[in-house]
K.L.:
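Please read through the structure below; I'll follow up with questions.
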Amino acid sequence: METNLPNLPEQLSQVVRDAIRDELREQTKKQRRAARMYAGAGAAGLYAGAALAAFLLLALATVLPYWAAALIVAILLLGAAVLLKQGARHGSGAPAAPPLEPGVPPGAPVIPPMPPSNPLDGSPRTDRRTDR
């Protein structure tokens, strides 16, 4: 009887690679769908904003000259852009997650560092001076 023991590591690595490839393919398929939905929502929001700006321009143009109405709408849009930029710069107010060390999976519990111990007696090291 001939055994395939010499080929076992290669076969195992091929099986693991195929499983990882299939899992990544599944995850990217879900992410692509979500990205398309966000892109569609962004495009719809852009058109809605343009329609709102046009409405505001035409409404102001009934009581002001066209150039003044356009200037007012432009200033309002510029103010909205500045407010959105400042909101993006300062974040949502939620504290940022501390950076992870390499090899630590996301969501792993944070373990505080232990104080170094004194190698002579095993007790925690203190920085207080005892000679007075």
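Source: prediction; values computed, not measured. In what follows, every heavy atom counts, from backbone to side chain, and hydrogens, waters and symmetry copies are set aside.
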K.L.:
For Ala69 versus Ala61, what's the shortest heavy-atom pair and its separation?
P.N.:
CB-N, 3.8 Å
K.L.:
Same cluster for Leu60 and Leu77 if Ile/Leu/Val/Met/Phe/Trp/Tyr side chains link at under 4.5 Å?
P.N.:
yes
K.L.:
For the atom pair CG (Leu57) and CG (Leu52), what is the distance rounded to the nearest 0.5 Å?
P.N.:
11.5 Å
K.L.:
Grouping I, L, V, M, F, W and Y whenever their side-chain heavy atoms are under 4.5 Å apart, do Leu76 and Leu64 come out in a common cluster?
P.N.:
yes
K.L.:
Would you mind reporting whether Leu58 and Thr62 have side-chain heavy atoms less than 4.5 Å apart?
P.N.:
no
K.L.:
Can Ile72 be reached from Val63 by stepping across I, L, V, M, F, W or Y side chains whose heavy atoms are under 4.5 Å apart?
P.N.:
yes
K.L.:
Starting from Val73, can I reach Tyr66 by hopping between I/L/V/M/F/W/Y residues whose side chains sit under 4.5 Å apart?
P.N.:
no
K.L.:
Using a 3.5 Å cut-off and no angle test, enumerate the donor-acceptor pairs between side-chain atoms of residues 27-35 and protein atoms at least two apart in sequence or in another chain.
P.N.:
| from | atom 1 | to | atom 2 | distance (Å) |
| --- | --- | --- | --- | --- |
| Gln27 | NE2 | Glu23 | OE2 | 3.4 |
| Thr28 | OG1 | Leu24 | O | 3.0 |
| Thr28 | OG1 | Arg25 | O | 3.0 |
| Arg32 | NE | Thr28 | O | 3.4 |

